[in-house]
Each structure stands twice: as structure tokens, then as C-alpha cells.
Amino acid sequence: MPEGHTLHHHLDKQHRWFAGQVLRVSSPQGPFAPGAAVMNGATLKRAEAYGKHGFWHLDRGAVLHYHLGLYGRLRYHPRPEPEPRGAVRLRVVGDDRAMDLIGPTKCELLSRDGYAAVRRRLGQDPLRDDADPQIALAKLSRTRRPIGAALLDQAVIAGIGNVYRAELLFCANLSPHTPGHDVPPEVLSSIWRNTVTLLRIGAKHNRILVVGEDTEGPVGGEQVDPRGFETRGRYGPKRDRLWVYKRRVCKLCDTPIVVSELGQRTLYHCPRCQAA
DNA sequence: GGCTTATGCGCAG
DNA sequence: TGCGCCTAAGCCA
């Protein structure tokens with residue numbers, strides 16, 4: 001489930017659970033074994049998310065960089081940790097918890113320069129305090145590309161994925177095919193603000209929640225595990241939390257959803273609520 | 001239990 | 001442009 005909110009949720013947790021600890025690191029599934037050997041015995045100084053990327057800043061100057069891709073998963077265990085299951089590329093064991101990185105599309109050790117290079121490729125992350133909306137908005141307002149393609153461009157806004165793209169454009173009553181430079185500046189600004197809002201809600205609950213109000217406490221009777229491990233909350237079916245993504249009809253007006261392709265990804269939009 | 005699908009992205013060609 | 005990665009939820013039987 002990796003859009004930006006997922007990474008922020010996990011990296012915040014990873015910082016709380018592993019920072020300051022001397023880590024036991026291994027790579028049960030192979031290709032990262034040399035990197036794991038370098039990491040083994042290091043101390044985590046800071047875990048941070050940027051867009052859909054995860055970074056662990058270690059002492060010794062190395063930086064772990066990972067990206068979940070479409071399939072990657074993170075699993076956490078209390079100690080003693082169980083036998084690795086699946087393509088565990090990276091296993092980290094801290095003082096009282098362990099973490100598995102499973103099936104990521106990227107898992108590598110970077111130098112400070114390598115880290116800077118990855119960061120340079122990425123645009124503004126709406127979940128970060130250091131985001132500069134004006135930079136992202138300027139790019140959107142100049143491009144001839146359809147807004148629905150530009151929103152997926154990680155060099156513009158880092159962290160939006162296919163679900164949030166569909167839902168953000170719906171919330172803006174905007175056709176995904178509108179060229180960026182034809183979208184009124186105030187609409188672009190409102191999209192940015194809504195992105196911040198929705199990604200924050202998503203990061204808090206570790207779920208994409210768009211329909212309905214966010215609440216301070218658990219949502220929909222969600223059960224919270226006091227140890228902090230993921231629990232099966234009762235959020236209801238995903239389709240009921242979204243307006244258009246993967247729905248047959250628009251949740252607002254019942255018009256059949258148009259399924260097409262834009263920016264190499266499946267696009268869902270309501271032709272009535274989001275008329276051109 | 002099996003089959004389909006996917007919230008991403010880099011690379012070969 | 002299309003494929004490969006390789007997990008797990010959702011759906012069906």
C-alpha cells in the first residue's frame with residue numbers, strides 16, 4: 001500500500017523504535033547481504049521518509065535507502081523474532097523489536113552524496129515541514145501535461161500515488177485531462193492543501209481515508225494494540241472510503257466511473273463531477 | 001484452495 | 001513501450 005502516507009507512517013515508527021540503538025542487521029534473502037554486513041552493529045541516528053522513499057541515517061556516514069515499489073512490505077515483530085518468511089531483503093533487530101523489509105524494489109546503502117542525488121530527483125513532499133508549495137505549484141502551473149499525469153510525477157510532488165491522484169482530482173472537481181497551465185492558480189493551491197490534509201490523515205491511520213471526517217481518536221471502532229503493532233481495524237471496505245478509485249459508480253452522484261489510462265497508470269474519474 | 005489484481009518504478013529495446 | 005519484480009488482499013469456488 002505504498003503511497004507517501006505509508007512511508008511516513010512507517011519511518012516515523014521506525015525512528016521511534018530503533019533510533020539510538022545498536023542494530024543487528026542481516027539479509028536472509030540474499031542480494032543485500034554485503035550491505036547488511038556493513039550495517040550490522042551500526043547505530044540508527046535518524047529514520048526519515050521523503051515521498052515514497054525510506055532513508056535510515058546511520059553512524060559511520062552510511063545511509064540505507066529503500067523503496068517498496070508495488071509489492072514491498074514491512075513487517076514488525078516483538079523479540080524473539082520468528083524465522084524469516086518470504087523475500088526478506090533486510091532484517092533489523094533492535095533492543096526489543098525487529099523489522100523485516102520484504103520484496104522491496106530498492107534496498108541499498110548510499111554515501112552522503114548518493115543520498116543527496118536521490119533527494120535531488122524528488123519534488124516537494126507535502127508531508128514534510130521543509131516542503132515549499134510554491135515550487136510544486138509553479139511546476140504544475142507551467143506544464144502542458146494533463147494535471148492527472150503531472151500529479152503522479154515524483155519530481156513535482158513526491159508521495160502522491162494512483163489512489164490519491166484519482167481522489168484529489170475528484171475533490172477538486174477537475175478533469176484529469178486538463179493541462180496544468182489551464183488549471184486556475186487557486187485550484188492548484190487548493191489541491192496542494194488537500195494533498196497535505198489527506199496524506200496526513202493517511203499517515204496517521206496508515207490507510208487511505210478520503211470520504212468522511214478525520215477524527216482525533218480511532219476511526220470506525222478501530223482497535224489499537226498498545227504495543228503499537230498493526231492491528232486489524234474496522235474501517236469498512238476500502239471502496240466506501242473513496243469517491244472514485246476503483247469504484248463502479250461515483251460515490252457522490254452514481255454516474256458510472258470512467259476507467260482509462262493516464263501517466264502509465266489506470267485512471268478513475270467521474271465524468272459528471274469532473275467534467276472537462 | 002486458486003486466480004486476479006495492484007496504491008511503483010527502473011530498465012531493455 | 002512493455003516487461004519484470006514478487007507480496008498480499010480481494011474475490012471466487
Side-chain angles (χ1 to χ4, degrees), chain A residues 1-11 27-32 49-55 65-77 82-91 99-108 110 114 117-123 125-127 148-171 176 195 198-211 230-248 257 259-269:
Chain A
M1 336 165 169
E3 295 193 29
H5 68 295
T6 303
L7 276 294
H8 279 266
H9 177 91
H10 283 284
L11 273 290
S27 181
Q29 182 244 5
F32 188 62
Y50 199 108
K52 301 169 188 169
H53 298 253
F55 297 101
H65 169 225
Y66 67 82
H67 192 294
L68 295 176
L70 190 51
Y71 308 119
R73 293 288 186 274
L74 289 158
R75 246 184 244 141
Y76 302 91
H77 311 286
E83 284 298 301
R85 186 160 50 89
V88 178
R89 191 72 50 85
L90 173 73
R91 166 165 278 189
M99 179 190 98
D100 288 341
L101 172 62
I102 300 142
T105 197
K106 177 75 82 177
C107 175
E108 62 183 356
L110 298 175
V118 176
R119 284 284 303 263
R120 271 196 299 276
R121 299 204 315 258
L122 298 170
D125 178 345
L127 283 175
L151 285 182
L152 281 183
D153 185 344
Q154 302 300 299
V156 178
I157 297 178
I160 294 178
N162 204 22
V163 181
Y164 280 118
R165 162 178 77 166
E167 298 295 310
L168 286 164
L169 290 169
F170 175 86
C171 292
T195 305
L198 292 181
L199 284 176
R200 276 190 188 150
I201 291 170
K204 186 167 96 180
H205 298 286
N206 196 24
R207 276 172 186 75
I208 299 177
L209 303 172
V210 180
V211 177
E230 288 303 315
T231 54
R232 209 150 285 279
R234 294 194 295 274
Y235 287 83
K238 173 184 287 181
R239 63 180 171 280
D240 291 338
R241 312 194 294 260
L242 304 174
W243 294 108
V244 291
Y245 179 82
K246 249 187 169 183
R247 287 183 56 92
R248 191 181 60 81
I257 292 300
V259 181
S260 57
E261 192 177 306
L262 181 63
Q264 326 243 47
R265 313 296 303 281
T266 307
L267 172 71
Y268 302 84
H269 81 285

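Every chain is numbered from 1 and lettered A, B, ... according to where its sequence line falls, protein lines coming before strand lines.
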Result of checking A:Leu267, A:Leu152, A:Leu151 against A:Leu262 for side-chain contact (heavy atoms from CB on, under 4.5 Å): A:Leu267
N/O (side chain, [X]) to phosphate O (OP1/OP2, [N]) under 4.0 Å:
| X | N | answer |
| --- | --- | --- |
| A:Arg73 | C:dA9 | no |
| A:Arg265 | B:dT7 | yes |
| A:His5 | B:dT7 | no |

How many Å lie between [atom1] on [X] and [atom2] on [N], as a whole number?
| X | N | atom1 | atom2 | result |
| --- | --- | --- | --- | --- |
| A:Gln264 | C:dG2 | CD | P | 9 Å |
| A:Tyr71 | B:dG10 | OH | P | 15 Å |
| A:Arg207 | C:dA9 | CZ | C1' | 12 Å |
| A:Tyr164 | B:dA6 | OH | C1' | 16 Å |

Chi angles and distances behind the side chain to side chain contact (heavy atoms under 4.5 Å, CB included) call for A:Lys52, A:His8: CA-CA 8 Å; A:Lys52 301 169 188 169; A:His8 279 266; over 6 Å; no
Options [options], nucleotide nearest the side-chain atoms of [X]:
| X | options | answer |
| --- | --- | --- |
| A:Ala87 | B:dT7, C:dT7, B:dC9 | C:dT7 |
| A:Lys246 | B:dG8, C:dT7, B:dA6 | B:dA6 |
| A:Glu3 | C:dC6, B:dG8, B:dG10 | B:dG8 |

is_close_aromatic(A:Tyr76, A:His10), centroid dist under 6.0 Å: yes
Mutual orientation of the aromatic rings belonging to A:Phe55 and A:His65 [parallel < 30°, tilted 30-60°, perpendicular > 60°]: parallel
Sugar-phosphate, base or nothing in reach of A:Lys106, heavy atoms under 4.0 Å: nothing
Sugar-phosphate only, base, or nothing, as touched by A:Arg75 at under 4.0 Å among non-hydrogen atoms: sugar-phosphate
